[in-house]
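First comes the structure, then the notes that go with it.
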Amino acid sequence: MLPFFTDAFGNAASRTHAAGREAERACEEARAKVAALIGADESEIVFTSGATESDNLAILGSRPEHIVTIATEHPAVLESARAAGCRLTVLPVDGHGLVDPDAMARAITSKGTLVSVMAANNEVGTVQPIREVGRLCEERGAIFHTDAAQAAGKIELDVRADHVHLLSMSAHKMYGPKGVGALYVRKRGPRVKLSPLIRGGGHENGLRSGTLPVPQVVGFGRAAEIAAKERPDESKRVLALRERLRSGLFERLDLITLNGHPERRLPGNLHVSFAYVEVESLLQAMPEICVSTSAACASAVLKPSHVLKAMGVSDELAYNSVRFGIGRFNTPAEIDITLDRVVAAAKHIREQSPAWALRK
Ligand SMILES: *Cc1c(COP(=O)(O)O)cnc(C)c1O
């Protein structure tokens with residue numbers, strides 16, 4: 001990214017000089033790398049400011065008559081769907097956070113329907129059967145959008161095999177820079193028509209005007225390239241670390257529960273509820289362990305997570321839950337330190353708790 005902040009400062013939309021063409025070339029290379037990660041053609045990638053914007057563009061820009069989505073979506077999808085002002089069906093999920101494809105099939109009643117089902121959940125990591133949902137949409141002539149901010153670079157995605165029409169991505173969820181993302185917009189079989197949310201000079205095929213942030217776009221491309229190359233090994237390594245943490249916690253602590261699906265989940269996601277453990281005290285006891293109580297964007301809000309609620313988790317346990325995110329740079333030693341810290345802190349908090357003494 002660095003040269004594009006200084007020496008290579010051209011505007012990717014300025015084709016009249018060498019500096020502009022160099023910036024354009026770098027952005028087009030990045031576009032091809034992002035496209036390759038999801039099996040798309042580079043002409044089908046629209047750069048945005050991130051997955052929030054991509055979700056807004058997909059949902060509002062497709063001007064649907066009816067939106068069918070699920071209760072555990074990211075607010076960027078749920079709030080866009082509410083703002084669209086059309087008929088809205090929000091389907092429930094099961095106790096593991098999975099959508100029911102039969103209920104989905106029944107909900108798609110007309111061709112002007114936009115279905116939005118996330119590829120993987122950002123809190124509990126549940127991986128949805130998007131290929132099945134995509135096939136349903138194709139049969140019924142509905143447009144299928146998937147928010148793949150969590151899934152891209154972590155699990156296999158192929159927009160053609162998965163029958164996806166629109167797909168949202170975010171660079172910073174795959175170790176790229178913050179403030180850039182993309183929307184895949186299918187060009188053929190069928191060609192998806194969108195209207196822009198941001199109008200102006202007509203950049204990005206008229207779908208997203210504004211000068212491209214060249215350094216961010218270049219960083220996104222490199223992140224996508226690395227993710228594609230590393231994913232087979234990385235997902236195995238991250239999964240092994242996750243399982244080390246999961247089995248350690250469940251061996252050493254009673255009355256804890258796993259949230260989300262036991263197998264159909266992102267390799268790096270572990271989401272656990274701790275009965276009789278006030279989670280704020282837990283986090284305070286181990287400030288060097290960077291974990292979250294819910295979605296990063298909702299941690300400041302004192303409300304039980306809508307995702308856990310939709311899965312039927314009680315308010316009490318929803319408050320007392322922690323999301324452990326394990327990634328590319330974590331080590332077995334860090335997992336062991338985390339285990340020791342969490343187990344010690346949870347036991348200590350329970351010993352101080354009158355409710356724990358009175359349990360049963
Ligand atoms: C992070 C995230 C978003 C928002 O992405 P930004 O790039 O921060 O706008 C949307 N959906 C899901 C599932 C996410 O995890």
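As the structure lists them, so they are numbered: ligands from 1, and atoms in each ligand from 1. Positions are given from 1, in the same order as the sequence printed here.
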### Task
Could you check atom 3 (C) of ligand 1 against the protein and tell me its nearest heavy-atom contact, residue, atom and distance included?
His74 NE2, 3.5 Å

### Task
Mind listing the closest non-hydrogen atom pair of Glu351 and Trp356 along with its distance?
N-CD1, 4.2 Å

### Message
I need the single residue from Ser168, Ser116, Ser170 that forms a side-chain hydrogen bond (donor to acceptor under 3.5 Å, both in side chains) with Asp55. Which is it?
### Response
Ser168

### Summary
Quick look: His172 vs ligand 1, heavy-atom contacts under 4.0 Å, and the answer is side chain

### Task
Find the distance between OG (Ser273) and CG (Asn320) and round it off to the nearest 0.5 Å.
7.5 Å

### Task
Pick out which of Ile59, Val90, Leu88 makes a side chain to side chain contact (heavy atoms under 4.5 Å, CB included) with Arg82.
Leu88

### Query
Where on Ala51 is there a heavy atom closer than 4.0 Å to ligand 1, on the side chain, on the backbone, on both, or on neither?
both

### Query
Can you tell which part of Lys173 has a heavy atom less than 4.0 Å from ligand 1: side chain, backbone, both or neither?
side chain

### Message
Taking 4.0 Å as the limit for heavy-atom contacts, which would you say applies to Thr52 with ligand 1: side chain only, backbone only, both, or neither?
### Response
both

#### Entry: Polar side-chain atom of Gln128 near backbone of Gly97 as donor-acceptor pair, under 3.5 Å
yes

### Task
Say whether Asp147, considering both its backbone and side-chain N or O atoms, lies within less than 3.5 Å of an N or O atom on ligand 1.
yes

### Query
Considering distance alone, does some N or O of Asn122 sit under 3.5 Å from an N or O of ligand 1?
no

### Query
Are any side-chain N or O atoms of His306 and backbone N or O atoms of Glu73, one a donor and one an acceptor, separated by less than 3.5 Å?
yes

#### Entry: N or O contact, Ser170 vs ligand 1, cut-off under 3.5 Å
yes

